[in-house]
There are 2 protein chains.
Amino acid sequence: MNLRQDIHNSDIPVLCQACEARHRGLCGALEPKQLVALSRTSSRHRIHPGAELIGDSENIDSFSNILSGVVKLTKTLSDGRQQIVGLQFAPDFLGRPFRSESVINAQAATELSLCSFPKSVLERMIHESPGFERRLLRQALNELDEARDWMVTLGRKTAGEKVASFLVRIARNIDPEAAANGASATFDLPLTRADIADFLGLTIETVSRQLTKLRTEGVIGIENNRRVNVHNMERLEARSGR
Amino acid sequence: MNLRQDIHNSDIPVLCQACEARHRGLCGALEPKQLVALSRTSSRHRIHPGAELIGDSENIDSFSNILSGVVKLTKTLSDGRQQIVGLQFAPDFLGRPFRSESVINAQAATELSLCSFPKSVLERMIHESPGFERRLLRQALNELDEARDWMVTLGRKTAGEKVASFLVRIARNIDPEAAANGASATFDLPLTRADIADFLGLTIETVSRQLTKLRTEGVIGIENNRRVNVHNMERLEARSGR
DNA sequence: TCCCGGCTTTGATGTCGATCAAGCGCCCGC
DNA sequence: GCGGGCGCTTGATCGACATCAAAGCCGGGA
C-alpha cells in the first residue's frame, strides 16, 4: 500500500488518507487539523441506484462529497415531464450552499459512496478556510460551463448529435486519457435509456434508435445494453455536431 | 476634485456613490479604501447593441460590472447554429474568472453601460477581500440555478410554453414587483425575434407565430414589435408549463 | 417625399422525432 | 422449469415545428 508520506499522513484521519475528495476534491483545501474536525462530524454512506438524496423543495441541511458513483440532478414539471439538469461524478461536491430549500432533485444513478456532513460544518469550513470557498467557486463555474454546453445540445442539436454528444461526455468522464487522443474507449453507461432520454430531451425510443444506428454503422459496440465500446472517439465526436 | 468631507460617503469615489454595482452588485463587498483603488484602474464604457464584448476563444484579460442594459452570452456550433446560453442584467458581474480563454461569446443585446477593470485587479480583490469571493460564488450559483431551469425549458417544453417562459423571465427581471403578484406588467423586449429564437432553440417564424397567438388570445399586447404588455401575469405563467 | 433594407408576419409544405403498439431478452422468484 | 415484470428494441403512424417563400411594416437617408 502506498501511503504518501510526503504530505504528513500521520496527522490525517485514516478514512481521509486514500480519499479522492482530499486528492482531487474539496478536502484538498483543508489543513490536517481541519480534516480531523471534519471527519469527526462526517459519515460515509453506501447508496443504491434510484435512491433519492435530496428532494425538490426539501430543506437543505447536509452536504456530501461523492467518493464513487454517479449522481443525477433532475427537475420535473407539474405534469410529470422530467429533465436531467446535471450529472455529478467523484470527487464532486454535492449540495447547494446559501439556499434553504432545494430547487432540484438528486438521485443515485449508480451504486454510490458518499461522505456527508451537516450544514453547520460546511459553514464553518467556509469561514475558516478561504481555499475551501475558492474550490467551491471553481466547481460552480465548471458546472456552469458544462450546463451551458448542454444548453446548446438541448436547443440546437439533432437527436443523432445529442446521443453522440452524450456518449462523448460520458467517455470523457470515465476514461479521460483514451477520450483525449481520439482512440477507442470502453465503459459502462451509468444511465438507463430512460435517464439518457431525460438528459437529452428525447424519448426512450429515439435514444434506442440512435444507439442502434451508431452500432450498425460501426461507430460503437454495445454488449448487454450497458457496456459501450467506442471504436473511434474521433468518429464519434465528428457525429456530435461540434 | 471636490470630495465632500462632511458626509459618510466622503471616502467613496464619486463615480461609485450612486452605482448599482456598489448597492446590489459585487462592489458592495469592498471597503472604501478598496473602492478607491478599484476606481483608479476601472473605466466606464457606453456600448451599442450588437457590439462584441468577449469573443469565443479570446484571452480573458478584463472583467466588468454591468451598470445598465442587457448582455447576451452565446455559443455557436461550427456550422453556424447558435444558442444563447445566458442573459445578464445590471448589476451582474461579467466575465469568467480562473480561465485563460473564453468558451463563450458575450454581446451587447441593448444599449449598454459597463464598468471594466483588468484581470490583475480582480485577482487582487479576490485575495484581499473574502466577501468579494463570496459574492462571486453566490452569483455563479444563481446563474447555475437559472441555467438549469432553462435546460428544462429547452429540453421538455413546447414552443408555446417556451415563448411564455421567456416572457415571464424577462418580466421578472425588468418589473419584479408587478411580476410577483400576478398583475400586469409592461416592458420593452431586450432581444430581437432572432435572439429570442436563439434563446429558445426555435426559429424566428415559430417565435413570431407563438407571440401573435398570445396576442390574439388576449394574454399580451404588443406595440411596435418591441413593447410588450402582459395583461395578466398569472395567465401567462399558466401557459409557461410550470 | 419616396425609396430602400432590415425586421417581422403570414402562408404552404416537408420532415424529424413523438406517439402508439408489439415483441424480445433477461433476470428473478416461485 | 416456468411465468411475469422490466428494460430495451423495432415498426407504423402522426403531429409539431422547420423550411421555403412572399409580402407587410417601419425607420432612415437621399
Side-chain angles (χ1 to χ4, degrees), chain A residues 48-50 72 77 79-84 107 109-110 153-167 188-217 220-228 239 241, chain B residues 48-50 72 77 79-83 107 109-111 153-167 188-217 220-228 239 241:
Chain A
H48 296 302
K72 58 180 184 185
L77 298 177
D79 62 1
R81 281 174 287 176
Q82 205 176 49
Q83 175 70 44
I84 294 186
Q107 249 190 323
T110 64
T153 303
L154 288 171
R156 289 302 186 196
K157 291 190 185 175
T158 65
E161 290 169 338
K162 284 181 178 181
V163 171
S165 301
F166 170 74
L167 293 176
D188 280 329
L189 288 176
L191 302 182
T192 65
R193 301 289 188 274
D195 283 339
I196 299 174
D198 281 346
F199 194 51
L200 296 171
L202 299 170
T203 58
I204 298 181
E205 295 93 324
T206 301
V207 171
S208 175
R209 280 188 247 270
Q210 295 301 332
L211 283 173
T212 59
K213 195 174 173 206
L214 286 173
R215 185 164 45 70
T216 59
E217 296 180 7
I220 62 173
I222 305 181
E223 295 166 37
N224 296 330
N225 290 341
R226 279 298 185 114
R227 189 146 197 84
V228 171
R239 285 173 166 259
Chain B
H48 296 301
K72 58 180 185 185
L77 298 177
D79 62 1
R81 281 174 289 176
Q82 204 176 50
Q83 176 70 43
Q107 246 189 326
T110 64
E111 201 68 33
T153 302
L154 288 172
R156 289 303 186 197
K157 291 190 184 173
T158 64
E161 290 170 338
K162 285 181 177 181
V163 171
S165 300
F166 170 74
L167 292 176
D188 279 329
L189 288 176
L191 302 183
T192 65
R193 300 288 186 275
D195 282 340
I196 299 174
D198 280 347
F199 194 51
L200 296 170
L202 299 170
T203 58
I204 299 181
E205 294 94 324
T206 301
V207 170
S208 175
R209 281 187 246 269
Q210 294 300 334
L211 283 173
T212 59
K213 195 174 173 206
L214 286 174
R215 184 164 46 71
T216 58
E217 296 180 6
I220 62 173
I222 304 181
E223 296 164 35
N224 296 332
N225 290 340
R226 280 297 186 116
R227 190 148 197 82
V228 171
R239 287 173 164 259

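For the numbers below, each heavy atom of this structure counts, side chains included, while hydrogens, waters and symmetry mates do not. Please read these numbers as outputs of a predicted model, since none were measured by experiment. Chain A is the first sequence line, chain B the second, and so forth, proteins listed ahead of strands; every chain is numbered from 1.
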5'-most contact on DNA chain D (nearest-nucleotide basis), A:Arg156 vs A:Ile204, goes to A:Ile204

message = Contact between B:Phe199 and B:Thr153 at the side-chain level, heavy atoms closer than 4.5 Å - yes or no?
response = no

To the nearest angstrom, the CD1-P distance between A:Ile222 and D:dT9 comes to 6 Å

A:Arg209 atom CZ is separated from D:dA12 atom P, nearest whole Å, by 10 Å

(message) side-chain contact (heavy atoms from CB on, under 4.5 Å), that's the test. Do A:Lys157 and A:Leu200 meet it? Break it down for me.
(response) CA-CA 10 Å; A:Lys157 291 190 185 175; A:Leu200 296 171; over 6 Å; no

In whole angstroms, the gap separating P of D:dA18 from CD of B:Gln82 amounts to 16 Å

Close side-chain approach of B:Thr192 and B:Arg226, heavy atoms under 4.5 Å:
yes

TODO: Determine whether A:Gln83 and A:Leu154 make a side-chain contact, defined as any pair of heavy atoms from C-beta on separated by less than 4.5 Å.
DONE: yes

Between CG of B:Leu200 and P of D:dA18 the distance, given in whole Å, is 10 Å

Note to self: Over all strands shown, is B:Gly201 touching base, sugar-phosphate only, or nothing at heavy-atom distances under 4.0 angstrom?
What the structure shows: sugar-phosphate

Sugar-phosphate, base or nothing in reach of A:Leu202, heavy atoms under 4.0 Å: sugar-phosphate

Measuring to OP1 and OP2 of D:dG7, would you say a side-chain N or O of A:Thr192 lies under 4.0 angstrom away?
no

Separation of D:dC25 atom C1' from B:Arg193 atom CZ, nearest Å, is 12 Å

Rounding to 0.5 Å, atoms CD (A:Glu217) and CZ (A:Arg239) come to a distance of 4.5 Å

To the nearest angstrom, the CD1-P distance between A:Ile196 and D:dG7 comes to 13 Å

Computed from five pairs at either end and rounded to 10 degrees, the angle between the axes of the helix from C:dT1-D:dA30 to C:dC30-D:dG1 is 30°

So CD of A:Glu223 and CZ of A:Arg215: to nearest 0.5 Å the spacing works out to 11.5 Å

Closest non-hydrogen atoms of A:Thr158 and B:Arg81, given as atom of the first, atom of the second and distance, are N-NH1, 4.1 Å

B:Gln210 atom CD is separated from D:dA16 atom P, nearest whole Å, by 11 Å

**Request:** Give a yes/no on whether any side-chain N or O of A:Thr212 is located under 4.0 angstrom from OP1 or OP2 of D:dT9.
**Result:** no

Contacted region of DNA chain C by chain B, from 5' end to 3' end of the hits, cut-off under 4.0 Å to heavy atoms, spans C:dT8 to C:dA12

Ranking A:Asn224 and A:Glu205 by the position along DNA chain C of their nearest nucleotide, the one closer to 5' is A:Glu205

Note to self: Test side-chain contact (heavy atoms from CB on, under 4.5 Å) on A:Leu211 and A:Leu167; report intermediate values, then the result.
What the structure shows: CA-CA 10 Å; A:Leu211 283 173; A:Leu167 293 176; 4.1 Å; yes

dist A:Arg156:CZ -> B:Leu202:CG (nearest 0.5 Å) comes out at 7.0 Å

From CG of B:Asn225 across to P of D:dG24 the rounded distance in Å is 16 Å

